[in-house]
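The block underneath contains the structure these notes are about, expressed in C-alpha cells.
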Amino acid sequence: MLQALNGLASASSLFLVASGLTVIFGVSRIVNFAHGSFYMLGAYLGWTLLSQGPLADAGFWGFWGGILLAALAVGALGALAETAILRRIYQAPELFQLLATFALVLVVQDLVLLLWGADDKFGPRAPLLRGAVQILGLRFPLYDLFLIAVGPVVLGLLWLLFHRTRFGILLRAATQDREMVAALGVDQKLLFTGVFALGSALAGLGGALQIPREAVTIHMDMAVIVQAFVVVVVGGLGSLPGAFLAALLIGELHAFGILVFPRITLVLVFLVMAVVLVLRPYGLLGRKPEGEPPASELAPPLPGPTPRWVSGFLLAALVTLLAVSPWLGEYPLILLADFVALALFAASLHFIMGPGGMASFGHAAYFGAGAYAAALLSHHFAAPMEAGLLVAPFFAGLVGLVFGAFCVRLSGVYSAMLTLAFAQIAWSVAFQWSEVTGGDNGILGVWPSAWAAGKLTYWYLSLALCGLAIWLLRRAIRSPFGLALRAQRDNPRRAEAIGIDAFRIRWAAFGLGAAGAGLAGALFAYGKGSVFPSSLDIPRSVDALLMVLLGGVQTLAGPVVGAIAYAGLQEQLARLTDLWRMLLGMVILALVLFFPRGLAGAFRLRSRA
C-alpha cells in the first residue's frame, strides 16, 4: 500500500512538469529541452525565498506564498526566453529549435552554479504538513499525501482553462490548426508567449514543491527532463489526459520496480516507453499528426558542387596539417585523433538525419557498441587492434539494424524518443553487466597495436580510416540509394508510388549510419585506452546532435565542420574558465540566431553570393 502511495506522489510531481511540456509542444511544436532548467530554477528560487529571503520563517502563508512567487517568477523567465530567443526561430527547422533550447540548458546550468554554488540545498518543511498519518498501520508523510492531490487538481484546473476560457479555446484551436487561427486575426506572438509562460510556471511550481521532499541540486534539471519527455511521449504528444495517465503508469512502475525488478530500475521507464511506442506508435492517447510539420524544409535532390577554390583551400590546409604533424606535441595529436573520430560520429548521424530525415536522440548506442566490441575483443580474447576495427562497425551496424527495425516505422519526435529508449537500454546493459563489461569501472588497457602505438601514427591511422568512411557515406548519399532515401524523406507517398520501399531504404540507412558510428567509437576507444558506459549515455548522443546542427543538416560538409567547431570550442573554453558551459551555450545561441542553416550552410550561401 505504501509503495502505491509513493508511486502516486511521484506521479503527481512528474505530471506537473510534463503538463507544462505538453502545453508548450501542443501549441508551438517546440521540443523544449530547457523545460528541466525551469524546473530547477523553480526549486532554487523557492529555496531562496523560503530559506534566505523575507519569507523565511513567515509561517503558513509565507511558505505557500514563496512557492507561488517562485512559480510566477519562472513563468516570467519562460516568457522572456520565448520573446528574446525562440520567437526568432519559429520558422527554422524543428531540430534547430531543439538546439536553441539545449543552449539555454548550458547557460542556466552555469548561472545556477555561479549564483547558488555547487553544494546541495535543503529547504524547510511545509507548515501543517510535517507529520505523518497512519494508513493500514504504517506511517505515510502528510506532504506526500498533499502531493497526491495536487496532480488531479492541476489537471482539473487546466481542463477548465482550456474548455471554459477564451484563452484556452484559442490554445486548443492553435493546437489543431495554427494557420486558421492566424487567419482569424489572433495575435500568435502573444499567444505563444502566454503558452511558454504557463508551461514554464508549471515547471517552476513542480520544482518549488519538491523543496520539502528532496535536496535542491544542480543536476536535477537533466534528471527530470528525460522522465518528463518519456511521460509526454508515452501519453501522446499534446494530450494532457495522456500525460496524466503516463505519469501514473511510470510513477507506479518506479515504486514497485525497485521491489520486483531491482536490476532494471535504472532503465525501466525506457523499457516502458519502447514497449508502448512499438504497440501504439503515437502514445496511449495520442493521435497521428496530420500534414507536414510546420517548420519542415525540403532540400534539393543533391547538394550543389563545392566551389573549386574551397576544395583547393581545404586540400592545402590538410596537406599543411599533415606536414607539420611530426612537430606537434603529443597532446595536439591526441586532440586531432579525437576530432576526426567525432567528425565520423557526426557524419554517421547526419547520414540518418539529413538524407534520411530521421532524427535520433540515441546515436551514442552505436558509438558505444563499436567501442565495447573492440574493448571486449581486446580484454577477453586478446584480439589485436586490427580485429577490433574490423568487427566494431559490423557489430554496431547489426545493433543499428535491430533497433532500426522498430525506430524507422515511426516519425518525428516519437522515432527520436524510441532511439533514446534503446540507447538507454544499451547503457543499462553496459552499466550493470559488470561480469562482462566491467560495469561503472569500464574496460581498461584497450591499446592500439605496437606499430600504431605512437601518437603520430595513430593520428594518421584515424585520419585515413575516418576520411575513408566519411567519403563512403558521401558517395552513398550521391548514389541512387541516396536519391531514393531523399525521395522517401521528401514525399513518402510519391516514393512508394514509383516503387521505392520506404521502410527498407530507411532501415538500410539506419544500419549504415550505425556502422559508421561504431567505427568512430572503436577509434575513440583505442585512442583513450579505455571504454566506460558513458560512451552510450545521453550526453554523448546530445554531442552528436549538436555537432550536426551546428555544421548544418543540409550540407555534406556540415557534420565535419560542426564536429571540429563544437569539440574545439568545448576544449578551449574548458581550459579558459570553469563557466565554459555558459559561454558555449551563448555561442550556440548566437549561431542559431544568425546562422540558422549551420556554419557550413552559411558559408555555402556566402560563397554563392
Side-chain angles (χ1 to χ4, degrees), residues 17 21 30-49 51-53 70 73-86 88-89 96-123 196 200 203-204 206-208 210-211 214-226 228-229 342 534 537-547 549-550 562 565-594:
V17 186
L21 194 60
I30 285 184
V31 182
N32 184 18
F33 212 90
H35 202 66
S37 299
F38 293 124
Y39 169 86
M40 179 174 65
L41 284 173
Y44 273 99
L45 289 173
W47 175 84
T48 302
L49 290 170
S51 300
Q52 308 293 321
V74 174
L77 290 174
L80 178 63
E82 190 277 336
T83 304
I85 299 172
L86 297 177
R88 303 172 185 272
I89 57 173
F96 278 94
Q97 300 165 1
L98 175 66
L99 180 61
T101 60
F102 182 78
L104 282 176
V105 171
L106 296 176
V107 173
V108 172
Q109 278 183 344
D110 270 1
L111 280 178
V112 168
L113 184 64
L114 183 64
L115 295 175
W116 283 283
D119 56 315
D120 296 350
K121 311 295 183 184
F122 297 91
F196 262 86
S200 301
Q210 294 304 304
I211 295 173
E214 61 184 43
V216 180
T217 71
I218 60 174
H219 303 294
M220 61 193 306
D221 57 342
M222 296 303 295
V224 76
I225 189 58
V226 174
F229 269 129
L342 292 175
S534 58
D537 209 354
I538 295 174
R540 181 66 68 185
S541 295
V542 172
D543 285 344
L545 194 61
L546 290 175
M547 290 185 288
L549 295 178
L550 279 178
Y566 178 73
L569 271 174
Q570 190 176 43
E571 194 274 335
Q572 290 298 320
L573 292 176
R575 295 174 63 184
L576 292 175
T577 175
D578 292 335
L579 301 177
W580 64 270
R581 293 180 186 84
M582 182 170 63
L583 293 179
L584 180 61
M586 294 173 67
V587 170
I588 293 174
L589 281 176
L591 291 173
V592 169
L593 292 175
F594 297 107

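Values in this document were obtained by computation on a predicted structure and should not be read as measured data. Computed from heavy atoms alone, side chains included, the values below leave out hydrogens, waters and symmetry copies. If you read the sequence from its start, that first residue is 1, and numbering goes on from there.
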### Query
With under 30° as parallel and over 60° as perpendicular, where do the rings of Phe33 and Phe102 fit, or are they tilted in between?
perpendicular
#### Entry: Pairwise side-chain contact, Tyr566 with Leu342, heavy-atom cut-off 4.5 Å (strictly under)
no
### Message
Using 0.5 Å steps for rounding, measure from the CG atom of Asn32 to the OG atom of Ser200.
### Response
6.5 Å
### Query
Do Lys121 side-chain atoms and Ser51 backbone N/O form a donor-acceptor pair below 3.5 Å?
no
### Message
Could you check whether any side-chain N or O of Asp110 sits under 3.5 Å from a backbone N or O of Arg581, counting only pairs where one atom can act as donor and the other as acceptor?
### Response
yes
### Task
Could you grab the distance from atom CG of Leu589 to atom CD1 of Ile85, nearest 0.5 Å is fine?
4.5 Å
### Task
Taking the side chain as every heavy atom from C-beta outward, state whether Leu546 and Val542 have any atom pair closer than 4.5 Å.
yes
### Query
Ile588 and Leu106: side chain to side chain contact (heavy atoms under 4.5 Å, CB included), yes or no, with the steps?
CA-CA 10 Å; Ile588 293 174; Leu106 296 176; 4.1 Å; yes
#### Entry: Glu82 side, atom CD; Leu80 side, atom CG - distance, nearest 0.5 Å
10.0 Å
### Min side-chain heavy-atom separation Val105-Thr101 under 4.5 Å
no
### Query
Looking at side-chain heavy atoms only, is the closest gap between Ile225 and Tyr39 below 4.5 Å?
no
### Query
Counting only N and O atoms by type, is there a donor-acceptor contact under 3.5 Å from the side chain of His35 to the main-chain atoms of Val17?
yes
### Task
Using side-chain contact (heavy atoms from CB on, under 4.5 Å) as the criterion, point out the one residue from Ile218, Leu111, Leu49, Leu115 that pairs with Tyr44.
Ile218
### Task
Spell out, as yes or no, whether a donor-acceptor pair under 3.5 Å connects the side chain of Arg575 to the backbone of Glu571.
no
### Query
Within a radius of less than 6.0 Å around CG of Asp120, do more than 12 heavy atoms belonging to other residues, nucleotides or ligands occur?
yes
### Message
Return the OG to CE distance between Ser37 and Met220, rounded to the nearest 0.5 Å.
### Response
11.0 Å
#### Entry: Side chain proximity check, Thr83 to Phe196, heavy atoms < 4.5 angstrom
no
